Structures are given as C-alpha cells and as structure tokens.
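Worksheet: one structure, shown below.
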Amino acid sequence: MMASDEPTAEISCTVNGQPVRAHVPVRQSLVDFVRHGLGLTGSHVGCEHGVCGACHAVVDGRVVRGCLMLAVQVDGRTVTTIETDQPTAQMRALQDAFFERAALQCGFCTPGMILQASELLTRTAAPTRAEIRDALSGNYCRCTGYHAIVDAVETAAARLRDKAAA
Amino acid sequence: MPRASTRRLVAGRGRYVDDIPAKGEVYAAFLRSPHAHAAFEVVNISAAAAIPGVVRVLTAENIDPVCPPWKCVLRNAPDLQSPEQRPLARRQAVFQGEPIALVVAQSRAIAEDALELIEVEWSERPAAISLEAAAMPDAVPAHENLKSNICWRFEHRSGDPDKAFADAEHVVLRRLVFARKTGVPLEPRGILASYDPSTNGLIVHVSHQMPHQFQLHLAELLGMSPLDVRVICSDIGGAFGIKMHIYPEEVAVCAASRILGRPVKFIADRVESLSSDVHAREHIVEARMAVNTSGMITAIDVDDIQGLGAYSVYPRSSTAEAMSALRAVGGPYRFDNYHALLRSVLQNKVMTGQYRSVGHPVAAAITEALVEDAAAVRGEDSIVFRQRNFLPTEAMPWVSPMGARMIDLSHHACLERMLTLVDYPRLRQEIDTWRQEGRIVGLGLASFVEFTATGAEAYGRAHVPVSSLDGVMLTMEPTGEVRAQCSASEIGQGIQQGLAQIIADAVGVRADKVRVALGDTAASPHGGGAWSSRGAAITGEVAWTAGRKLRNELLNVAAAMLQTTATSLDLRDGRILAADTGAERIAIGDVARTVIFHPYDLPAGTNAQMSVSHTWGRDADPFLPTNGVQASLVEIDPISGLVRPLRHWVVEDCGRIINPLLVDEQIRGGVVQGIGEALYEICRYTEDGQYGSGTLADYLLPMAADMPDIVVAHVETPYSGSQLGAKGAGEAGTCGAPAAVLNAVNDALRPFGGRIDAMPISPVDVLRALGKLPAKAGA
Ligand code: FES
Ligand code: FES
C-alpha cells in the first residue's frame, strides 16, 4: 500500500514473459518492486547495499543487483526472475544440480546463485573450479561453504556440454 | 539423499517471513540510539506522526503498559546480575542501536522518513566499551548505578592444579584475544505479528529457531495464554544461533500489533542485523598447561574474560558461551587437575549470545595452541604429543574435570584417519619444498570435543524454560502415506529430510511417502526446535520410536484382519508381508482405509489407532560429546600479509549418520564460518562505542573465491545411550576450524620467529609476525 503523496511513476516492462504496467514509488528498488509489487519473492534481500547477490534478477539478459537498480529503470525493458516459467537450459541444469548435490541449505542465496552461475555457463561452457569461484564471488552463501555449489555448477556445465554434443 | 523440500527453494518458491503477506499489514521501523550510553527523553513525536502514511509512533510510554521488562535470571547462578531490558528503552540507552521508538507506517520507507522527525534530547554518558577496560574495578559503569560491570564470576577447581603446576616439567602459557563476530544469516531477522482483538489471538510468523520457546515467552510477556499465541516459522534463511533469542524488536512488534489490532511487519535491514543481532566470541583467554617429564598433560589453568554487551541475553544468558568454552577446554585429552576462572563483563555494546558451536571454538583454539607449544618445548611433533595425551578408548566413560561424561569418542581413530587423508609425511615434505621456493606455507591441526544435543539439565536447573524434549505425532493417511508433525525446526540443516528418512525406516515405507511438518506451534507438541545440533540425536530418536509404534499398530491391525499374529508379519516398502516367505499380504493403505472407512470389517475390539505420538528427551548425559580432527593448509602473502586457506580437511565422529550428503555439507558450511572467524569476521566498535561494521563491505564474510575445497571423512562411534546412536553434527565444522587455521598460520610463521595470538588474524599482525612491520608498541 502507498501513502497518497508518495511520488510515483508509471512504468511498463516485460516480467517473466508477461507485460506489466505499474505505478511505482520513484524511490522503490527493482527488488522491492518484483517482490512486493508483483509477488515474485524469489529474489531476496540480503543487504540492500549491493554486496550479497541475493537480490539478483535478469534485465535484458544481464544479471543485475535488484537492490541497486530502481524499479523506474526497468521501464521498457525485459526482466526475468528465478520464477520464470521459461527458464533457460542453464537455469534448469543448475536447479537440478543444486538440488541433487545439496548445494543449498537455507536456500536464501540460491536464486541469486543460480542466475549468476547461469550467466557464467552461458559465457563459458567448461569453467574451472577457480573460474566458478571467481564468478560467484559477488554472491554470498552463509550456509554451504561454497564447495557443493562449485560442484553443482561443474555438474550442470558437464551435462549441458553432453547435451550440446549429443 | 537430497532434501525433497529444496525443490521449492531452487525454484525461488521459498516462503521466508518477508514473503508472507497479511491483509492490512503495516510496517515497522525503529529509532535507535546513536550513542553507546546516554540518557534521553523523547520530546516530540508529532511531526513524525503527521507524515501521511504513518499509522502510529510508539515509545516506551505506549509499550510498557502492554509488555513488562524482562531480565536474564539463572536460578543456579544467583549471582548473575543482568539489568532489566525492555522492548523500547526508557530514558536510558545502553548500546548504540538500542531501539528507543517505533514507527508503524504504510511502507517501511515512510516509517523511516518519520524516524528522522522524532525529536529526542540526548545526554551522553561515558561508555564501557573495551573488554579490558570494562572489566577493571574502577571502570565506567555500563549502566547507571551499576556497582561493577562484572555480571558473573565463576571459578572452578578440580584436583590440585597448583601442585601440578609446581611439579611440572614444562609449563606453557598463551594469551589469545578473540574479537566479537556475529552469525550473519543471509536472511535478516524478521517478524509478522497479527493480533486479532476479536479472539485475543496472536499469530506470529517469525524467522526464529524455536517456535515453542518463542511462543511461551511472548505469551508471558504479553499476558496471554500460549493457546492464544501461534508461532509459525516457515522457511528460515539461516540462523546459526542468532535467531534463538528474545530480541526487543520482535517483542515490540508483537506489542504494536496488539495495540493497533492489525498485522505489523518488521524485517531488519542488514545494517540493523549487524548492529543488533547478538554478537559472540569476545574473549580474552589466558591459559597455562602443565606437562610432566613423561610428556603427559597434568593440569590446565584458564582465565577467561568474556564480553557480554549491555545485557545478558534473554532468556538463555550470554554467560552460557563462556561456560561452554570452559567445559570444552582440554576436551580430547586426559588430565586431572583443572582451574578455571571466568569473568563475564557488561559493556555498552550489543549483547553477545549463543552462536554456532557456542564457546567451543574458543576452547579448541586455546587448547590446541597450548598443545603446539607443549610439543614444541618437548621438541616433538604435536601429533605424537596428541596421541600420547588423548583420552584412550579403554578409559571411557571418563568424567572430565568439569564434570562432563566422556563417552563413545574416537580421538586416536580420527587422527589416524586424518594422517592418511592428508598423506602427512608427503604433505610435510611438500611444505618443505614450497618453503625452499620461498613460499610461506603452514599446516595446522586441531583435535576437539564438541558437546551437542544438550539435555534437560543444562537449562532446566537454571529454571529457564527451554525444552530439550521433542514430540513427534504420526498419522497414517488413507493412502498409506505418513504425516508427521514434529517440534523440531528446519533452518536449512535438513532435519525435515532426516526425520522423513528415519520415520520411513522405522515404519517400513519409502521416504517420499512421509511428509514432515515442522515449525508451527499449532501443529506439534511443545518441543525444542533447532539448537545445539540436536535434530538427529533427539528429534530423530523420538521419530524412530514414534515410527516403530505406528509400525506395530499397523502390524497388529493387519494381523487382526488377516487372522494371524503380528509376529508372523513384516512391513516393508508400504506392504505387509508374510515374515517367513516375504509374500505380500496387504498394502498398508488398505489397512488404513479399512480402519478409517470400514471399521465394521475389523474384528471386534481391534481398537486400531492410525495416529501415534511419542515424546522424549534424554535425561542421562546432559550433553553428547562428539569429537573430530581438522587440518588446515594455508599460505601467507608476504606483501599483503593476507592468509589464504589452500586446503581444509575434517575427520568427524558424530555417531551414526542418517544422511551423509547433508551431514557433509553441514560440516563444510561450518568450516567456512570457522575460517571466517579465524581470518575475516569482526564486529568493530570505536573507543566511544560507535559501531563500525554495519555493512557487508565493512564486515567481511568468506567469499567463494577465497575458500578452499574441504575434504570430509568420518569415523562412526554411535552414542551408546540411544537406539539410533546419532549425535550432533551441525556445529562441528565451526568448532575446530579456527583452531586449525590459527595453528596453520603459526606453523607458517614459525621459521620467521613470529606468532599470532588474536582472532581474526589480521594482515597487519601477520606482517608484524613476519618482521615486515614493527611490533606493536608495548608488545
Ligand atoms: S540485497 Fe542486493 S546485493 Fe545484497
Ligand atoms: S544456502 Fe543459506 S545462504 Fe546459501
């Protein structure tokens, strides 16, 4: 709910394939907009200052920190969140591998991790463990200690390569 | 076996508190003290209240009538003196960040706008900040009229330590300084409280580890019946002990909902979390170890000064951390003479409290540092020294000098396993080669005992209402599936999956046929929740017995239906079989359907029960000791002084393992928190009590790129006092990692003649130890 004199702006964008028109407070962050405006609560808020990566969303194909971007900045753009019903092959492979490898405990970091890792796998088909660790260093996980996450990303990458070769 | 429930989480369908809406909810923000210690008066709230969208501005004046203050009291420690604490401070603020007023508004942003317009008159007082200063007899008092900041003093002596030290061949001494750190669950604390005046009912969604404990305290503080307070802990985004306390903010939000008669939500932001979640591990420890001519440890003497912050945390006490440390000192070793002195000190900082592996990492670090020193003065490898001094298997059970019953431990076996795992002689050679190449590399070991799955006496004797019992109710569905309602809580550790597996095995069905509900006071009997690595050892044991009860019931009913005896039947994979031939007789779903829909088909007097329950808590063994060894290989950058962990190994004995996949990841996650403790994490305060670690840019967490792969192996010595034999595993990683890293860094520094005696290990201290920076003045 909004108070009457909160300055707002109208935006239109595409979110997870659906057209969206909304009045948003001009100071509202992208992550607050998708979470509270659209009910897409898969992007989480871990710090609100651009460090933890829990708030990731994809805007025009690039992973962004939803806490550092304003909702008004996605006017006219395409936003994808973890909830999309059309996940990329990378996302799907990562979701399976994270699940099987127990590469999550509380799961709070997981959507951000998967979106970030998915961007890595789109760029690099066969990343080394060190490259995976580097690519995920803007995503904090307080539960797993990262080892299982690195394993899961390796597994997803291998499966995607197998699929591409088949 | 992976956790079924994580399918939701990888899809972004988790439901953490902030994801749960309530119709008509409004949002809370707190005005907090900018001073470490000050008297204040809220002089004007009208400008704040006038902002459009503000629902109410509340101060202690408004909250006090609906909620009394609370105070940490331990009946078995009557000398513990901790001041009263309120949801909103009244006229005195005793740490920076203490909440003093609350704005409820249509959005959090508006609430924050309004905070700025609350007028407060402050009159600053001198503050007690540094642990050493606050502990002095003439220290500035942390609260007005406080005679001494020493909140609790404890001394323990067993055997004749003085004589042992006088007779010792060698005495080694260490002083280690541990800085405050905190747990940093990635999901901050949060609460949604919905009070319904028509029923006088309160429903609370909260990110908390023990719904029943929270329910009980809330009901008491708000003068309600627990029957009218329902606490639901849905998905929890990490907790680590941080979410087991009663915090002013959560209570204030419930009081606000009660005053307003509508749902109020508060989600801490990261700055609030880092500055108001409990901190932990602020200790200055001086310890000595006496060793006789045969190289046996004869005595240990520990002097621990512990920082508590402004209050001993409610309800479990902040002092529990230090007591836990003193209990665990010298854990793996047999020694008869012990002296321990503790002073727990009030300061104008946020409270310290139970955080993962409570106190044990402090104990392991000091013990294993002394072990290294003792081996060094004897001129032997510390491995030999450990092996000689370990409590041998044949000596168990053995009661330690602090009264802990040491049973079912495997020190020698774990160390053996570790030496094979790291390929010790080869690794030492490799390290020599690296050193010849100019690299600064070190290997550190740490053996440890961790006390887990705390039993009833620990808090019971203090009259703190903490349940060490758990309850499990099982219901047979007409489909042949099992519904379980348990008083444990899922905080990411995977207990929901573990319990499903245990129940499945006990009953004789597949794990995917068991659905486990947790974390809701309305859905399970009163019980302990998640703390002290208790899930597998306590709730698991209860679940096993409940499952066996349900199995027996099903076999009895089936026997009645089939006109045979229960002993001639077996139950496997959801089917009742003839015990001798294995031939299927009937599916349990058919048994359940007959009982539920066609009871007239059963022989008279069958009295079939399709739900059973069981409650249990261990009364023997107040704690279940577990043991393990960790090894850390580190490299130091000679230019920056940064320590890089290259490799980490763990050999753990947590008894019987229910789900190896999940246990290993608990250990790895714990190790990384321990590496964080050793190398990065610190809650800094300035001399006047300004908190300086309020963002994740200031409070450094371990990141993926800095962490090593972690090898985990097990020795399994089941707990002899239970059917399952499980012990706690969730905190073991954190217990031994700081000690191993500290020993590794000091091993790397040894050729340079330097040593580190403080955690986290700062690059500056490392450069000093390398002789690249001048030593600290006075050091
Ligand atoms: S919430 Fe955006 S980076 Fe942490
Ligand atoms: S799984 Fe909890 S923060 Fe990553």
Side-chain angles (χ1 to χ4, degrees), chain A residues 1-6 25 27-28 32 35-36 39-52 54 81-83 87 94-96 98-111 114 129-130 132-150, chain B residues 2-3 6-16 18-19 21 26 51-54 105-107 109-110 183-188 235-240 267 269-271 491-494 661-662 664-666 668-673 695-697 701-707 709-710 733:
Chain A
M1 207 197 267
M2 254 176 277
S4 51
D5 63 349
E6 172 92 40
R27 62 178 169 178
Q28 188 171 51
D32 281 350
R35 288 178 53 76
H36 304 304
L40 297 168
T41 54
S43 302
H44 299 140
V45 177
C47 70
E48 286 177 282
H49 44 252
V51 180
C52 76
T81 70
I82 190 75
E83 290 101 332
L94 287 160
Q95 286 170 322
D96 287 343
F98 269 61
F99 168 74
E100 291 158 20
R101 180 61 189 85
L104 68 159
Q105 290 176 23
C106 76
F108 203 75
C109 69
T110 311
I114 286 178
R129 288 182 79 79
I132 296 169
R133 285 183 178 278
D134 274 342
L136 296 179
S137 270
N139 290 75
Y140 285 6
C141 175
R142 191 56 162 164
C143 301
T144 64
Y146 303 108
H147 181 129
I149 291 176
V150 179
Chain B
R3 288 162 58 201
T6 56
R7 273 280 172 214
R8 270 186 318 110
L9 305 181
V10 296
R13 306 279 168 170
R15 284 292 171 267
Y16 307 90
D18 193 33
D19 305 339
V26 282
I51 290 194
V54 169
Q106 299 291 354
S107 76
I110 294 169
V184 201
L186 204 55
E187 178 211 22
D235 290 319
I236 306 294
F240 317 120
I267 307 295
D269 65 26
R270 183 54 59 191
V271 179
I491 53 172
Q493 83 280 40
L661 175 69
L662 302 187
D664 286 2
E665 295 322 315
Q666 279 296 302
R668 291 198 171 94
V671 163
V672 165
Q673 286 192 12
T695 74
L696 291 183
L701 290 178
M703 295 189 297
D706 299 332
M707 287 302 106
D709 280 344
I710 297 159

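As the structure is a prediction and not an experimental result, all values here were calculated from the model. Order of the sequence lines sets the chain letters (A, B, ...), proteins ahead of strands, with each chain counted from 1.
We find the CZ-CG distance between B/Arg668 and B/Asp709 to be 8.0 Å, quoted to the nearest 0.5 Å. For the atom pair B/Gln493 CD and A/Cys143 SG, the distance stands at 10.0 Å (nearest 0.5 Å). Here the straight-line distance linking atom CE of B/Met703 with atom CG of A/Asp134 works out to 9.5 Å at 0.5 Å rounding.
Contacts between B/Arg3 and chain A at a heavy-atom distance below 4.5 Å involve backbone atoms as well as side-chain atoms. For A/Asn139, no part sits under 4.5 Å from any heavy atom of chain B, backbone or side chain. Only the side chain of A/Thr110 comes within contact range of chain B, with at least one heavy atom under 4.5 Å from a heavy atom of that chain. The contact between A/Glu48 and chain B is made entirely by side chain atoms (from C-beta outward), counting heavy-atom distances below 4.5 Å. For A/Leu104, the parts sitting under 4.5 Å from any heavy atom of chain B are the backbone and the side chain alike. Both the backbone and the side chain of B/Val184 come within contact range of chain A, with heavy atoms under 4.5 Å apart.
Your options are B/Gly494, B/Ala109, B/Pro188, B/Ala697, and the one with the most heavy-atom pairs under 4.5 Å with chain A is B/Ala109. Taking A/Gly42, A/Cys47, A/Gly39 one by one and counting their heavy-atom pairs under 4.5 Å with chain B, the maximum is reached by A/Cys47. Contact count against chain A (heavy-atom pairs under 4.5 Å) is highest for B/Asp18 among B/Leu662, B/Asp18, B/Ile491. With chain A as the partner, the residue from B/Pro702, B/Ala105, B/Gly733, B/Pro185 showing the most heavy-atom pairs under 4.5 Å is B/Pro702. Ranked by heavy-atom pairs under 4.5 Å with chain B, the list A/His49, A/Arg129, A/Arg142 is led by A/Arg142. When the candidates B/Leu9, B/Thr6, B/Asp19 are compared by the number of heavy-atom contacts under 4.5 Å with chain A, B/Asp19 comes out ahead. No other option in B/Asp235, B/Val10, B/Val672 has as many heavy-atom pairs under 4.5 Å with chain A as B/Val10. Per-residue heavy-atom pair counts under 4.5 Å with chain B were compared for A/Cys52, A/Ala102, A/Pro111, and the maximum is reached by A/Ala102. Ranked by heavy-atom pairs under 4.5 Å with chain A, the first of B/Ala11, B/Gly14, B/Gly238 is B/Ala11.
The minimum heavy-atom distance between A/Thr41 and B/Arg15, with the atom names listed, is OG1-NH1, 3.0 Å. For the residue pair A/Ile132 and A/Val150, the shortest heavy atom distance occurs at CD1-O, 4.0 Å. Scanning all heavy atoms of the two residues, the minimum distance from B/Pro2 to A/Phe99 falls at CB-O, 3.3 Å.
Between A/Phe108 and A/His44, the two ring planes are parallel [angle under 30°; tilted spans 30° to 60°].
Remark: side-chain polar atoms of A/Tyr146 are paired, donor with acceptor, to backbone N or O of A/Cys141 under 3.5 angstrom.
Between A/Arg101 and A/Asp96 no salt bridge is recorded (no basic side-chain N to carboxylate O distance below 4.0 Å). No salt bridge links A/Asp32 with A/Arg27; every basic N to acidic carboxylate O contact stays at or beyond 4.0 Å.
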